[in-house]
Amino acid sequence: MQPRSIHSKRFLLVLAGTLLVAVLALIYGIGRGQGILGGPAWSDEEMAMLRSLWIGSLPPLPPDPSNAYADDLQAAAFGQKLFFDTRFSSNGQVACGTCHQPAKLFQDGTPLAHGVGTTSRRTMTVIGTAYSPWFFWDGRKDSQWAQALGPMENPVEHGGDRTMYAHLIVKYYRQEYEAIFGPLPDLSHLPEHAGPLPDEQIKAAWEALPEADRQAVTHIYANMGKAIAAYERRLLPGPSRFDAYVEALVAGDRQATRSTLSEDELAGLRLFIGKANCTQCHNGPLFTDNHFHNTGVPEAPDLPEDRGRGLGAQQVLADEFNCLSAYSDAGPDECAELRYMIAEGDELVRQFKPPSLRSVAARGPYMHAGQFATLEDVLAHYNRAPQSPAGHSEIQPLDLTQEEVDQIIAFLGTLDGPVNAAPEWLNTPRIATSVSN
Amino acid sequence: MTKVSITSAPTLRASKSRRWLTWVAAILGGLLLLVLAAAGWMVSQMNYVPADLNTSTTLMTEHGLYSVSYAPQLDAIAINQIHSWTLHVETADGQPVENARITVDGDMPQHGHGLPTRPQVTQYLGNGDYRVEGLKFHMPGWWIVQFKIDTGDQTDQVTFNLMLRK
């Protein structure tokens, strides 16, 4: 009996051994490729990706040739006052800062923005937008200053009009305005309310004005936008724990590399740049390609159909304040984004701009109309990849396990960071109440 | 003595059958190892580009009519930065191709999406050089950019591969 049992044992030993090696080979192969194993090393490709996401890869602030005052400090200080001045609204209670609140990373934390009424879109943060060629979820504006002018005339946001704003500048900000933009024209003969708005009365008053008056008023209006943009340009994202991790990796600081992110966060990072394919849209140091994508995000209940970029592309081409407009300071050669943009096509339907993911965990709810309350809801959507309500979704189901979903959410938390701006830019400035002159 | 050495002799028949089984186990196990390792390797390779990708900036067109080369306005093409190229087109024997009609297209083969912009050839610069404006690549990875060259009597096309890192 004894020899028999020896051979059985040897047989089992060989079988078990080969199986063990095979299973290890499988785990290693897949683990390396898919990043399931929290292996100590990143491949060259992964390392290049990590570096590209690092805040250290953020290039210097790009110039805005369409705004000659973009880097003018005086204009920024004036713009900051306008940003927080609620007199620039129909009910005296709404400023840019009403929805773009410094304490909430320059957004408002609600599904839809509330000005004098309620909009049909989620407030986007202002932080880091100086790097974007397109503004709003649908890119219907192509500069920070043109963007800033949109809500001012929107009946449900600031709800004001152009002559009203021009009169307010003359009344409260004459000196500051003139120091930057030159002498204000005499506007005393102009009606209190006039502008190219849907409101019949205000529109009729506007159309009754001579062209020269309309241009003079619009010139002041455009300069308000340029001052606000000079302020907003200074609001940039600060470094996060993720950035500290990449910095440690780049510096070869093993100690810091090991202690900066938890195992779950690291696993989430591997999934983020690997299996979950998040970097297809959320790439670069701002975690956005600033382009437009249809990811099958559902319609928001009780809102009209939203075509996203499908409409925004047409709007920006027709915008009276775009890069090629008379109010832009750029030459045609400096408007490449607008001139070579994709203007039409089925693929634009329900495309929206991916927002930056910096501080994303602190910025719910999510999507263009705040459809998803939490990051769990967002990940569930991307994991399932449902068909788009209109147009074609670009995404495929991810087959992430619950553990993997949790790891990605843990990683997203490492992107929390402060606003990178001098403290004086984060305060509501003292607004002068005295009438100038 | 309870310890048994390997050479201790069982019956001849039993020994042969056990050895045979051991071999089968080893071969089956080995095959399994190969298949599983290959599967693991394939999964790990799915996100990669062809190893022999030709990223040359000078290529002959598909039918060998023209030699085409490009020079980006940027020293290194940066992700997400709109920029222009100078495209040079000459015949196979080195004569500049003048005033051709050239169209541009491109995409990312692994992602199935096209360029984020609609670049255009905007100007003939002379000496077979053309200005291409509005090129932009919004993510790192493998991109292709294709030029169709139409001289009126002949057309040909060329596809450049770009491997963008960072």
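Any value given below was found using the heavy atoms of this structure, including those in side chains, with hydrogens, waters and symmetry copies removed. In what follows, chains are A, B, ... by sequence order, proteins preceding strands, each numbered from 1. What you see is a predicted model; the values in this text were computed from it and never measured.
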So, does Asn283(A) use its side chain to make a donor-acceptor pair with the main chain of His138(B) at under 3.5 Å?
yes

Listed by number, the residues in residues 344-353 of chain A that come under 4.5 Å of chain B (heavy atom to heavy atom) are Glu344(A), Glu347(A)

Okay, His293(A) and chain B: the region with an atom under 4.5 Å from a heavy atom over there is side chain

Using 0.5 Å steps for rounding, measure from the OG atom of Ser52(A) to the CG atom of Asn80(B).
11.0 Å

Using non-hydrogen atoms and a 4.5 Å limit, figure out which bit of Thr288(A) sits close to chain B: side chain, backbone, both or neither.
backbone

Let me know if Pro133(A) has heavy atoms under 4.5 Å from chain B in its side chain, its backbone, both or neither.
side chain

For atom CG of Asn127(B), is the number of surrounding heavy atoms from other residues, nucleotides or ligands below 6.0 Å larger than 12?
yes

Kindly indicate whether the side chain of Glu337(A), heavy atoms from C-beta on, has any atom under 4.5 Å from the side chain of Ile82(B).
yes

Quick check: do Val104(B) and Tyr340(A) have side-chain heavy atoms less than 4.5 Å from each other?
no

Please determine whether side-chain contact (heavy atoms from CB on, under 4.5 Å) holds for the pair Glu133(B) and Arg339(A), giving the CA-CA distance in whole Å, both sets of side-chain angles, and the decisive distance to 0.1 Å.
CA-CA 9 Å; Glu133(B) 288 189 82; Arg339(A) 286 169 66 203; 4.1 Å; yes

Note: Met49(A) and Pro140(B) closest approach over all heavy atoms is CE-CG, 4.1 Å

What part of Leu115(B) lies closer than 4.5 angstrom to a heavy atom of chain A: side chain, backbone, both or neither?
backbone

Taking side chain as everything from C-beta outward and backbone as N, CA, C, O, which of these in Ser84(B) sits under 4.5 Å from a heavy atom of chain A? Side chain, backbone, both or neither.
neither

Would you mind reporting whether Met139(B) and Gln280(A) have side-chain heavy atoms less than 4.5 Å apart?
yes

Can you tell me how far the CG atom of Asp289(A) sits from the NZ atom of Lys136(B), to the nearest 0.5 Å?
8.0 Å

